[in-house]
S.K.: 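Input: one structure, supplied below.
Quick note: residue numbers are just sequence positions, from 1.
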Amino acid sequence: MSATDFLQEATDRGFVHQCTDLDALRSVMSTGPTPTYIGFDCTADSLHIGSLVQIMILRLLQKHGHKPVVVMGGGTTRIGDPSGKDESRQMLTDAQIRANMAGIKRCFGPFLHFGDGASDAIMVNNADWLDALSYIDLLRDVGTHFTVNRMLTFDSVKLRLEREQPMTFLEFNYMILQSYDFRELYRRHGVVLQIGGSDQWGNIVSGMELTRRSDAKHVFGLTTPLITTASGAKMGKTASGAMWLTEDRLSPYDYWQFWRNTEDADVGRFLRLFTDLPMDEIARLAALGGAEINEAKKILANEATALAHGRNKSAAAAETARLAFEEGAAADSLPSVNVSHAELEAGIPAFRLFTQAGLAASNGESRRLIRGGGARVNDVAVADEGQLIGVADMRDGAIKLSAGRKQHKLVRAG
């Protein structure tokens with residue numbers, strides 16, 4: 001597959017929001033494998049679907065013969081990226097950052113091939129060079145290439161100030177360190193392209209300018225669009241929490257269900273971004289209407305889950321869903337939550353149990369679900385929000401709770 005096809009397919013699939021010099025970048029990429037980096041700060045012990053666009057564009061890059069460079073923000077996480085934030089991030093200890101980094105590394109294995117080849121992915125930690133910096137040397141070597149006037153125009157700073165939210169001097173330095181990363185990655189690994197979300201445009205451009213001024217090297221930046229659902233919700237977050245990429249944070253079944261519950265208007269776009277299916281097949285699926293669109297959603301769920309968790313676990317999740325939805329069975333493989341035996345003996349009000357099981361974000365939401373007729377216990381509608389649910393409702397050691405037709409949990413004593 002031609003290396004020059006990357007930019008065309010990335011554009012066709014909807015990955016490209018902005019690019020600093022598309023024609024020049026296309027020319028560079030036509031010469032052979034192009035080292036390209038994306039940075040990931042270590043703010044949690046996993047990534048969620050909100051980071052999946054970045055992972056998928058690295059996967060596409062590798063598919064076209066280029067070299068992904070995954071940068072773990074062991075150094076920059078100690079500061080916190082102010083981009084898109086209304087307030088300062090919680091400061092993490094070095095031990096927390098190391099633990100989070102170990103967890104995040106697991107997210108990339110299913111999507112990228114790592115190794116020593118020309119197009120094999122590599123993973124580096126920016127703490128390797130940032131931790132060794134002398135403050136005075138940084139000011140003299142890098143600070144002279146930045147003006148406060150220009151830094152104040154970047155959205156990451158301007159929006160915070162417009163909202164009269166304080167920005168610490170620590171955060172103000174983040175763009176300088178990210179710029180330093182770009183130059184250091186060019187020097188160490190020949191990286192000539194940085195990719196990031198649309199909120200990273202200012203940081204990326206700053207890194208390009210630093211590399212041009214100090215090393216006389218023309219490098220490039222590309223941003224991906226902010227992904228929201230058709231109804232305007234932020235990608236990767238739901239009422240029940242973040243949609244994590246690792247199995248210890250979110251079961252393959254719940255991951256599959258997230259994709260199966262995609263809004264009709266998003267099916268084609270999500271197939272392009274989050275699966276490897278050919279574009280002509282995606283066009284066929286996206287054109288389906290009526291009840292047939294549900295088959296396209298199942299294919300989206302199957303393909304997206306297979307990438308993150310493997311084909312076998314994707315198939316198992318699909319079969320669990322079929323049993324739960326089409327046959328009404330309380331399949332053992334449904335996600336479960338443990339409740340103390342003492343609580344079940346006493347009985348738990350229905351509205352509280354649905355909240356406790358994660359099928360509603362609050363007791364108020366749970367009450368509304370029940371009043372609207374959307375809550376069921378063992379496939380029987382709950383008529384009273386205060387109805388006590390307990391051991392008498394257990395079937396084969398579990399109670400099946402359902403919120404609507406698509407969300408199910410088993411309650412077990414434990």
Side-chain angles (χ1 to χ4, degrees), residues 7 10-11 15-22 24-25 36-43 50-51 53-54 57-58 69-73 75-89 126 129-130 133 138-139 141-187 191-228 234-235:
L7 287 171
T11 301
F15 284 106
V16 178
H17 177 64
Q18 289 176 291
C19 185
T20 52
D21 191 339
L22 197 59
L25 177 58
T36 300
Y37 101 88
I38 300 180
F40 299 85
D41 277 348
C42 308
T43 54
S51 298
V53 164
Q54 314 303 330
I57 197 172
L58 287 178
V69 179
V70 178
V71 178
M72 292 285 98
T76 44
T77 306
R78 298 172 70 184
I79 294 177
D81 185 0
S83 302
K85 303 294 187 301
D86 283 336
E87 56 187 25
S88 300
R89 278 181 176 168
N126 65 13
W129 53 86
L130 294 182
L133 284 175
L138 178 68
L139 290 178
D141 179 38
V142 178
T144 54
H145 297 290
F146 288 80
T147 67
V148 172
N149 314 60
R150 180 74 187 280
M151 294 169 76
L152 289 173
T153 68
F154 290 127
D155 285 345
S156 59
V157 177
K158 186 168 62 174
L159 293 177
R160 182 82 72 84
L161 297 180
E162 286 176 354
R163 294 169 183 166
E164 298 184 356
Q165 295 289 341
M167 170 177 276
T168 66
F169 183 67
L170 181 71
E171 294 173 289
F172 192 61
N173 277 270
Y174 188 93
M175 71 178 73
I176 294 178
L177 295 186
Q178 186 170 325
S179 300
Y180 188 90
D181 280 350
F182 200 169
R183 188 182 73 175
E184 194 67 17
L185 288 161
Y186 163 68
R187 291 176 175 179
V191 170
V192 295
L193 172 63
Q194 180 183 173
I195 298 176
S198 56
D199 61 346
Q200 294 297 312
W201 181 253
N203 292 340
I204 292 172
V205 170
S206 293
M208 292 170 52
E209 292 180 351
L210 174 63
T211 307
R212 176 180 58 81
R213 289 173 179 171
S214 63
D215 291 37
K217 177 63 181 179
H218 185 194
V219 292
F220 303 89
L222 184 152
T223 60
T224 58
L226 174 67
I227 305 298
T228 58
K234 190 173 182 179
M235 190 67 178

S.K.: Under 3.5 Å, is there a donor-acceptor pair linking the side chains of Gln178 and Thr76?
M.R.: no
S.K.: Considering non-hydrogen atoms only, spot the tightest contact between Tyr37 and Val71 and give its length.
M.R.: CD1-CG2, 3.3 Å
S.K.: Determine the minimum heavy-atom distance between Leu58 and Val70, stating which atoms define it.
M.R.: CD1-CG2, 4.0 Å
S.K.: Measure the CG-CG distance between Asp215 and Leu210 for me, rounded to the nearest 0.5 Å.
M.R.: 7.5 Å
S.K.: List the steps, then state whether side chain to side chain contact (heavy atoms under 4.5 Å, CB included) holds for Tyr180 with Leu133.
M.R.: CA-CA 11 Å; Tyr180 188 90; Leu133 284 175; 3.3 Å; yes
S.K.: Rounded to the nearest 0.5 Å, how far does OG1 of Thr223 lie from CD of Gln200?
M.R.: 9.5 Å
S.K.: Which of these passes side-chain contact (heavy atoms from CB on, under 4.5 Å) with Thr211: Arg187, Lys217, His145, His218?
M.R.: Lys217
S.K.: If we only count heavy atoms from C-beta on, is the Asn126 to Leu177 side-chain gap below 4.5 Å?
M.R.: no
S.K.: Measuring from Ile227:CD1 to Phe15:CZ, what's the distance to the nearest 0.5 Å?
M.R.: 8.5 Å
S.K.: Check step by step if side chain to side chain contact (heavy atoms under 4.5 Å, CB included) holds for Thr36 and Leu222.
M.R.: CA-CA 10 Å; Thr36 300; Leu222 184 152; over 6 Å; no
S.K.: Does the side chain of Gln194 come within less than 4.5 Å of Asp181's, by heavy atoms?
M.R.: no
S.K.: Thr20 and Phe220: which non-hydrogen atoms are nearest, and at how many Å?
M.R.: OG1-CA, 3.7 Å
S.K.: Minimum heavy-atom separation for Ser206 to Ser179, with atom names?
M.R.: CB-OG, 3.1 Å
S.K.: When you compare the side chain of Arg150 with that of Val205, does any pair of heavy atoms fall below 4.5 Å?
M.R.: yes
S.K.: So, for Ser198 and His17, which heavy atoms are closest and what is the spacing to 0.1 Å?
M.R.: CB-CD2, 3.6 Å
S.K.: How many angstroms lie between OG1 in Thr224 and CD1 in Ile38, if you round to the nearest 0.5 Å?
M.R.: 7.0 Å
S.K.: Yes or no on side chain to side chain contact (heavy atoms under 4.5 Å, CB included) for Asp21 and Met208, after CA distance, side-chain angles and deciding distance?
M.R.: CA-CA 12 Å; Asp21 191 339; Met208 292 170 52; over 6 Å; no
S.K.: How far apart are the C-alpha atoms of Arg183 and Val142, what are their side-chain angles, what is the distance that settles it, and do they pass the side chain to side chain contact (heavy atoms under 4.5 Å, CB included) test?
M.R.: CA-CA 10 Å; Arg183 188 182 73 175; Val142 178; 4.0 Å; yes
S.K.: Which atoms form the tightest heavy-atom contact between Leu193 and Phe182, and what is the distance?
M.R.: C-CZ, 4.0 Å
